[in-house]
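Comments concern the structure below.
One is the number of the first residue; the rest follow in order along the sequence. Computed from heavy atoms alone, side chains included, the values below leave out hydrogens, waters and symmetry copies.
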Amino acid sequence: MRLRHKPWAEEFIASHPDIVVPNPEEQKGKWNEVFNNDNPLHIEVGTGKGQFITGMALANPEINYIGIELFDSVIVKAVEKVQAAGQPANLRLLKVNGADLEEFFGKTDVDCVYLNFSDPWPKTRHAKRRLTHEGFLKIYENILPDHGEIHFKTDNRGLFEYSLVSMSQYGMKLEYVSLDLHVEMPEDNIMTEYEEKFSAKGQPIYRVEAQFQLPEEK
């Protein structure tokens, strides 16, 4: 997808520090102060236009949520989505790179990581860029508690198969695997923009919940 440059985006983002947290590295280990509570914290890496993370925040007020997106032209849409939803108190956004999560979150800061419709990076030489590559799995493990979970959805069969293998080889336990999520359609499923688009065309949606294991459990 080609992103359209928005020259005003940077200023727009900076004008909403109550939604897009400025200097998030200063909050490492102190995210409870941002939300003024000790509720669990779930993050979405690659939040896009924010439909999923906003829906989750509205549906689960007892959980804090952070949507992470790198591109200015995309995160402005997420900000607008948050505003349209009434700016839930349990929701924030970060404009940072998912590869740098350890700069912003300490061990056990995060309780669950969501990966939704990530870029498949289909070329073999780009495998390290996939958000389910072992390099990223190590990052997630370092910010999650023992037995922390990753919830992953995609419409890309190749990426899904790669991810199952990557997680299994890393020693993760696959708790739930669906090869066609919308046949089962869990009541608590919140759809992303891409999910709505692809499922409407009859494209299967793949989903896995995977849990990290302690060294002695692998």
Side-chain angles (χ1 to χ4, degrees), residues 1-119 129 131 136 139-140 142-144 148 150-153 190-197:
M1 179 182 67
R2 186 174 181 179
L3 301 178
R4 181 176 298 176
H5 177 62
K6 296 180 174 65
W8 48 267
E10 185 175 353
E11 182 178 352
F12 176 83
I13 293 166
S15 69
H16 292 86
D18 51 339
I19 299 177
V20 185
V21 179
N23 305 314
E25 65 279 358
E26 298 177 2
Q27 304 305 327
K28 185 175 180 177
K30 302 184 295 182
W31 287 101
N32 60 321
E33 297 179 5
V34 173
F35 293 99
N36 295 313
N37 61 57
D38 293 317
N39 292 342
L41 175 60
H42 294 190
I43 68 172
E44 181 187 18
V45 182
T47 204
K49 297 178 182 179
Q51 178 168 302
F52 173 83
I53 203 71
T54 302
M56 291 294 284
L58 291 173
N60 304 287
E62 74 284 358
I63 298 174
N64 297 324
Y65 292 92
I66 293 178
I68 294 168
E69 179 58 51
L70 177 61
F71 299 106
D72 288 0
S73 56
V74 179
I75 202 169
V76 294
K77 293 293 186 182
V79 172
E80 292 169 349
K81 185 78 69 174
V82 173
Q83 291 176 317
Q87 199 167 324
N90 61 329
L91 176 59
R92 299 291 190 280
L93 303 175
L94 299 187
K95 195 191 85 65
V96 300
N97 193 320
D100 300 326
L101 292 179
E102 290 174 277
E103 295 182 16
F104 315 112
F105 303 101
K107 183 66 175 176
T108 75
D109 271 357
V110 178
D111 294 277
C112 184
V113 173
Y114 300 103
L115 306 173
N116 293 316
F117 299 86
S118 310
D119 192 325
R129 300 183 183 183
L131 293 186
F136 278 98
I139 292 172
Y140 309 143
N142 287 341
I143 65 173
L144 287 165
I150 294 174
H151 295 187
F152 174 63
K153 286 195 288 188
I190 302 293
M191 289 197 286
T192 74
E193 292 91 349
Y194 280 117
E195 188 172 352
E196 286 186 343
K197 175 182 176 180

- line: By side-chain hydrogen bond (donor to acceptor under 3.5 Å, both in side chains), Glu193 pairs with (sequence neighbours left out) none

- request: Kindly check if the number of other-residue, nucleotide or ligand heavy atoms within 6.0 Å of NZ (Lys107) is above 12?
  value: yes

List the atom pairs, donor and acceptor, that lie under 3.5 Å between side-chain atoms in residues 95-103 and the rest of the protein, sequence neighbours left out.
unit_1, atom_1, unit_2, atom_2, d
Lys95, NZ, Asp72, OD1, 3.2
Asn97, OD1, Ala99, N, 2.9
Glu102, OE2, Asn142, ND2, 2.9

message: Does the plane of the ring in Phe12 sit parallel, tilted or perpendicular to the ring in Trp8? Use 30° and 60° as the thresholds.
response: perpendicular

field: Residues in side-chain hydrogen bond (donor to acceptor under 3.5 Å, both in side chains) contact with Thr47, at least two apart in sequence or another chain
entry: Glu44

message: Just verifying a value: how many Å separate Ile63 CD1 and Asn90 CG, rounded to the nearest 0.5 Å?
response: 8.5 Å

- prompt: In Å, rounded to the nearest 0.5 Å, how long is the span from CG of Leu91 to CD1 of Ile19?
  reply: 8.0 Å

task: With sequence neighbours excluded, tell me which residues meet side-chain hydrogen bond (donor to acceptor under 3.5 Å, both in side chains) with Asn60.
output: Tyr65

query: Would you say Asn116 and Glu195 make side-chain contact, with heavy atoms under 4.5 Å?
result: no

task: Taking atom CD of Glu10 as the centre, report whether more than 12 heavy atoms of other residues, nucleotides or ligands fall under 6.0 Å from it.
output: no

Side-chain heavy-atom pair Ile68, Leu94 within 4.5 angstrom cut-off: yes

Identify each donor-acceptor pair in which a side-chain atom of residues 34-43 lies under 3.5 Å from a protein atom, sequence neighbours left out, and give them as a table.
unit_1, atom_1, unit_2, atom_2, d
Asn37, OD1, Asn39, N, 3.0
Asn37, OD1, Asn64, ND2, 2.7
Asn37, ND2, Phe35, O, 3.1
Asp38, OD1, Asn32, ND2, 3.2
Asn39, ND2, Glu62, O, 3.4
His42, ND1, Tyr114, OH, 2.9

message: So, taking the atom named CD1 in Ile53 and the one named CG in Leu58, what distance separates them when rounded to the nearest 0.5 Å?
response: 11.0 Å

Test item: Ile66 and Trp31 side chains (from C-beta on) under 4.5 Å apart, heavy atoms: yes

- prompt: Is there any salt bridge (charged side-chain N to carboxylate O under 4.0 Å, His left out) pair reaching into residues 14-31, and which pairs are they, with sequence neighbours excluded?
  reply: none

CD-OG1 distance between Gln87 and Thr54, expressed to the nearest 0.5 angstrom: 10.5 Å

Check: Leu131 main-chain N/O paired with Tyr140 side-chain donor or acceptor under 3.5 Å: yes

field: Gap separating the CG atom of Asp111 from the CG atom of Leu144, nearest 0.5 angstrom
entry: 7.5 Å

- prompt: Are Phe104 and Gln27 side-chain neighbours, meaning at least one heavy-atom pair lies under 4.5 Å?
  reply: no

- line: Scanning both residues in full, the closest heavy-atom pair of Ala57 with Pro88 reads CB-CB, 4.3 Å

field: Rounded distance [0.5 Å steps], OH in Tyr194 versus CD in Gln51
entry: 12.0 Å

query: Would the number of heavy atoms belonging to other residues, nucleotides or ligands and lying under 6.0 Å from NZ of Lys77 be above 12?
result: no

